[in-house]
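All heavy atoms count here, side chains included; hydrogens, waters and symmetry mates do not. Predicted model, so just to flag it, every value in this text is computed and none were measured. Every chain is numbered from 1 and lettered A, B, ... according to where its sequence line falls, protein lines coming before strand lines.
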Protein chains: 2
Amino acid sequence: MRMVDIIEQKRNGGILTDQEIAYFIGGYLDDQIPDYQVSALLMAIYYKGMSQEEIANLTKHMVASGDTIDLSSIKGHKVDKHSTGGVGDKTTFIVGPLVGAAGVPVAKMSGRGLGHTGGTIDKLESISGFRVELTNQEFVDTVNKHKLAVVGQTGNLAPADKKLYALRDVTATVDSIPLIASSIMSKKIASGADSIVLDVKTGSGAFMKSLEDSKRLAEAMVTIGNQLNKQTVAVISDMNQPLGFEIGNANEVKEAVQVLQGEKIDDLRELAIELAAHMTVLAGIYEDYETAVQALEEKLDNGEALACFRDFIEAQGGEASFIDNFDLLPQSAYKIAVKATATGYIHEMAAEKIGLAAMHLGAGRATKDDQINHAVGITLKKKIGDQVEKGDTLAILHSEKDQADQVIDIVRSAYTIQPDKTKPRQMIYEVVK
Amino acid sequence: MRMVDIIEQKRNGGILTDQEIAYFIGGYLDDQIPDYQVSALLMAIYYKGMSQEEIANLTKHMVASGDTIDLSSIKGHKVDKHSTGGVGDKTTFIVGPLVGAAGVPVAKMSGRGLGHTGGTIDKLESISGFRVELTNQEFVDTVNKHKLAVVGQTGNLAPADKKLYALRDVTATVDSIPLIASSIMSKKIASGADSIVLDVKTGSGAFMKSLEDSKRLAEAMVTIGNQLNKQTVAVISDMNQPLGFEIGNANEVKEAVQVLQGEKIDDLRELAIELAAHMTVLAGIYEDYETAVQALEEKLDNGEALACFRDFIEAQGGEASFIDNFDLLPQSAYKIAVKATATGYIHEMAAEKIGLAAMHLGAGRATKDDQINHAVGITLKKKIGDQVEKGDTLAILHSEKDQADQVIDIVRSAYTIQPDKTKPRQMIYEVVK
């Protein structure tokens, strides 16, 4: 087998066999196949795509390239959740305890990563004392006892994906649905859950801007999961504006707790229940979606989900007292209001700009070595569909500096205010299974 | 400027600026831009193509990446000829002395290269004593005195092209018209001639199989030449069967001499006159194509072209006596006939198979380090349109071994014999200027 023939075959729109994909992934990981041949193949895949079988085979070999987490000592049907990423996404903190309260074990490994705000792990570190590193035994015990644990990623999961991703990043081959789908799914499958629920974001603030592309990505991932014996459901949800009202780290944890306390923060609550419903149905806890939604609404309203959250925080060493007094979370030195300069209705919000503003304040990492400030971030006061008068507060910046003119400008420019009325955005577009 | 942005722009079908192309070529040659980014760009170019301006700019920067030969001490308007390569192509040995006899100085640098038979330089080394390495002064003096000299390539011509070509070869990005056109033209332009005549082969034995692709390549190269101030004409000629009847090294030199002696070896003579006519018109020797053809026919028939050839061979140290006695050329130990196994008319000849058979006999190099045997090769006895009876000789192998069953099979399988009559192939399809 020669790599140049594999490239040529894909270049001409052909289908790669399982053996050819195994050869390319294995050879690349072993440094037998050079970067320059792999990048040419990736570009050919960018244009010519891959069949569902090719994508499943690629994923399978990426999983096999590294460790697979063994969750067999955790009792019950394990369900994992993954979001393709957006601004203000703190659903894990709601969904985890919600399905945990319903009896689904959630053994979640999460990354730090780069971006507008910290990752799940960074956000949890806003909580005083919280430990993101547990021994394997502690991790298993915590899930068995409290149905929920969240730790930093350990093990060498899908190293072939890691190597490929680094190459894609510098060769303009990131935006390829087969490559994105196999990359996400290889890590999820290696993480060892029995079933997977995917939150595929769509819109201006998401990686996938169009509903059509989001659907294609969702379908590709669901097919991979099903072909590799992990039942998978994907929810396509709106990311044309940040999720909820808080963007940052500590303030996102706070907003999640507010939902767990029964507050009706509409879009966030709706998405959390939607994801949790699919997870609990996959786990066999509820018979169908409608039953699940009703039961989960109850668990939010009656405090069961909040109790699960409190137990989980304490089990991982966190001081749970902040749940009853948010002032115990890190607080920024300054609160700066961003005021509207026009009167009308909010038609659009550039979620990416809001994210960028949060990063400028120090909530996220631009490069791996950046430090995150858990106290800073943005609280939105207005979202799409809201009416504003000139001079109204659109958002509040949590800043460590008293001056933040540049950030104010970015946040203000994220809002499109027009005279005519408009409707709030819909949250859930479609479910792919 | 970042290479990843350049790749993305081309990936999306955009046009690269002159500055971007300069950045990429310069950075690649200096090892500042890695192979893996360049191969991704090459694959994007494979799919998205390049505008004529991009191709001309790419060629310009590849020329500028190395030496440019200064032919100013050679008097007159220098015209170079280049063939895109085929089986049995010995036209340089006819065209060179023919236009030399008409007064056009031909200062030709030629390669050895890989392939079915040797390159021009290898073939000339069939002639006892012939020196392919001359000092610059000898080269200039020989052209000034005899209008013709052929030497091995010297200088560091278009090193960026060399580096790119090596990468294309292992990344399935060879078959791209913008990349082929710029590669050929960068070397031709760096070689210093004033005008260029291109022989673009088309058909089963050529790199370009279809007339349409051949035309696109011809047009791309002519446009590059004209944009970079080298008047260029391309002749599209047939390569659905080998050119002439001899394939090898010494035997190809012999066949060229036969044409110079006035023999009517139709396709070869026709192509040589066609190319020579355009060269002499470009050089301003004849007013128009028709006048040129008439004058050149005469120079072949009256021995002027042959005299130029003899002078050139002697000037470069060769023993010209072989011209009057072909037995003085290297001879193989065995002559083996390939017989027809069917009766009918020859409809097709797979030129590539004939070339492969010649390489198996030892006439060409499969790898750089292979040695060429000048004596071996193939003499065709039948070509497309000919009638054959079962048992007739199709071709004669010049072999150093008495057994050549595998090669016989290859040559025989190259012929398609069918009962119905068919016409000989046309030689010249089109002229692009």
Colleague: Does the side chain of I25(A) reach to within under 4.5 Å of the side chain of M62(A), using non-hydrogen atoms?
Modeller: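 Yes, their side chains come closer than 4.5 Å.
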
Colleague: Quick one: does K60(B)'s side chain get under 4.5 Å of D18(B)'s, heavy atoms only?
Modeller: yes

Colleague: Does a side-chain heavy-atom distance below 4.5 Å link V200(A) with V432(A)?
Modeller: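 No - every pair of side-chain heavy atoms lies 4.5 Å or more apart.
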
Colleague: Is there a donor-acceptor contact under 3.5 Å from the side chain of Q227(A) to the main chain of A56(A)?
Modeller: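 No, Q227(A) side chain to A56(A) backbone: no donor-acceptor pair under 3.5 Å.
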
Colleague: Heavy atoms under 4.5 Å from chain A: which residues of residues 38-51 of chain B carry them?
Modeller: S39(B), A40(B), M43(B), A44(B), Y46(B), Y47(B), K48(B)

Colleague: Any side-chain heavy atom of R168(B) sitting closer than 4.5 Å to one from L179(B)?
Modeller: yes

Colleague: Side-chain contact test, heavy atoms from C-beta onward, threshold under 4.5 Å: evaluate it for I410(B) versus M359(B) and give yes or no.
Modeller: no

Colleague: Write down the atom of S186(B), the atom of V63(B), and the distance for their closest heavy-atom approach.
Modeller: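 The pair with the smallest heavy-atom distance is O-CG2, 3.5 Å.
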
Colleague: Among I6(A), N12(A), T171(A), D5(A), which has the most heavy-atom pairs under 4.5 Å with chain B?
Modeller: T171(A)

Colleague: Is it true that D35(A) and K163(A) have a side-chain N and a carboxylate O under 4.0 angstrom from each other?
Modeller: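 No, this pair does not count.
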
Colleague: Please classify the contact between D169(A) and chain B as side chain, backbone, both or neither, with a heavy-atom cut-off of under 4.5 Å.
Modeller: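 For D169(A), the contact with chain B is made by the backbone alone.
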
Colleague: I'd like to know if D89(A) and K201(A) make a salt bridge, using a cut-off of under 4.0 Å between side-chain N and carboxylate O.
Modeller: yes

Colleague: Going by residue number, which parts of residues 207-216 of chain B are within reach of chain A, meaning a heavy-atom gap below 4.5 Å?
Modeller: none

Colleague: So, do V170(B) and R2(A) sit near enough that their side-chain heavy atoms are less than 4.5 Å apart?
Modeller: no

Colleague: Tell me which of these, E8(A), Q9(A), Q37(A), has more heavy-atom pairs under 4.5 Å with chain B than the rest.
Modeller: Q37(A)

